[in-house]
Amino acid sequence: SRAPAISVSAESCIPAGLRLGPVPGTFKLGKYLSDRKEPGPKKKVFSYAVSPVFQVRMVRGELVDEAGSSALEWIGLIRAARNSQEQTLEAVADLPGGQIFYRALRDVQPGEELTVWYSNPLAQWFDIPVTATPTHDEKGEERYICWYCWRTFKYPNSLKAHVHFHCALSHGRPFLHHDH
């Protein structure tokens with residue numbers, strides 16, 4: 001069964017380039033991604049670097065939640081980003097097959113939700129499609145189509161996750177593009 005979605009948001013500014021992790025457990029980012037943003041419990045995280053609440057100095061860039069728990073206890077709760085516009089973090093690894101960390105792509109502002117997607121090198125390592133080209137439906141809205149089963153998606157990362165984790169017709173084959 002699937003755990004309820006939890007929204008992890010910044011309580012204070014998280015600086016660009018800050019690394020969180022390593023991500024514990026089996027890495028299956030996006031396995032439960034859908035086109036809908038499901039409401040769920042919220043968790044706020046603080047950066048010791050800039051949080052006026054704690055007024056403590058940053059120690060090796062560590063982020064903690066409102067209970068003071070380290071990132072290892074809540075990092076797995078960060079949602080997968082449906083597209084690059086809502087993405088605030090990227091999943092990276094120091095080497096192929098190495099430990100995975102999340103890196104802030106830009107300054108994340110207070111109140112902003114943390115969302116993550118694969119960096120291009122990590123996506124290639126896991127055989128996750130790196131790109132998805134939209135088509136337009138009869139209303140002119142962008143849609144992403146699985147070229148194996150023809151299921152449509154509103155967001156590119158929903159399609160990529162579907163192809164990698166769920167499409168019975170892809171059989172683990174690499175992602176096809178319009179050119180193929």
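One is the number of the first residue; the rest follow in order along the sequence.
When all heavy atoms of F165 and G30 are compared, the closest pair comes out as CE1-C, 3.8 Å. The shortest heavy-atom contact between L33 and A80 is CD1-O, 3.6 Å. Minimum interatomic distance between R82 and S34 (heavy atoms only, all atoms of both residues): CD-O, 3.5 Å. A104 and P15 get closest at one heavy-atom pair: CB-O, 3.5 Å. Closest approach of C13 and P110 over heavy atoms only: N-CG, 3.8 Å. A pairwise comparison of heavy atoms in P22 and I75 identifies O-CG2, 4.4 Å as the closest pair.
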Given R79 and E86, is the salt bridge (charged side-chain N to carboxylate O under 4.0 Å, His left out) satisfied, shown in steps?
CA-CA 11 Å; R79 290 190 223 220; E86 72 179 23; over 6 Å; no
Candidate pair R103 and S119, rule side chain to side chain contact (heavy atoms under 4.5 Å, CB included), full reasoning:
CA-CA 9 Å; R103 184 179 68 81; S119 64; over 6 Å; no
Step-by-step side chain to side chain contact (heavy atoms under 4.5 Å, CB included) determination, E90 to Y118:
CA-CA 5 Å; E90 71 176 346; Y118 298 82; over 6 Å; no
So E141 and H136, side chain to side chain contact (heavy atoms under 4.5 Å, CB included) or not? Walk me through it.
CA-CA 5 Å; E141 295 180 14; H136 292 84; over 6 Å; no
List the steps and the verdict of side chain to side chain contact (heavy atoms under 4.5 Å, CB included) for F101 and V23.
CA-CA 6 Å; F101 294 84; V23 179; 5.9 Å; no
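Salt-bridge check for E138 with R143: failed, with every basic side-chain N at 4.0 Å or more from each acidic carboxylate O.
Distance check, rounded to the nearest 0.5 Å: CD of E113 to OG of S9 gives 7.5 Å. We find the CD1-CG distance between I128 and L122 to be 8.5 Å, quoted to the nearest 0.5 Å. In this structure, CD1 in I14 is found 6.5 Å from CG in L20, a value given to the nearest 0.5 Å.
No side-chain heavy atom of W117 sits less than 4.5 Å from a side-chain heavy atom of L89. Taking the side chain as every heavy atom from C-beta outward, R19 and D94 approach each other to under 4.5 Å. With contacts defined as side-chain heavy-atom distances shorter than 4.5 Å, the pair V116/T88 does not qualify. Counting heavy atoms from C-beta outward, Q124 and V130 have side chains that approach closer than 4.5 Å. Using a 4.5 Å heavy-atom threshold, the side chains of K31 and H164 count as separate.
Under the side-chain contact (heavy atoms from CB on, under 4.5 Å) test applied with V108, the options L18, T115, L114 reduce to a single match, L114.
One hydrophobic cluster, built from ILVMFWY side chains closer than 4.5 Å, cannot hold both V92 and L29; they sit in different ones.
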Identify all side-chain donor-acceptor contacts of residues 152-159 below 3.5 Å with residues at least two apart in sequence or on another chain.
from, atom 1, to, atom 2, distance (Å)
N157, OD1, K160, NZ, 3.2
N157, ND2, A81, O, 2.8
S158, OG, D35, OD1, 2.8

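Two rings, from F126 and F27, have their centers less than 6.0 Å apart.
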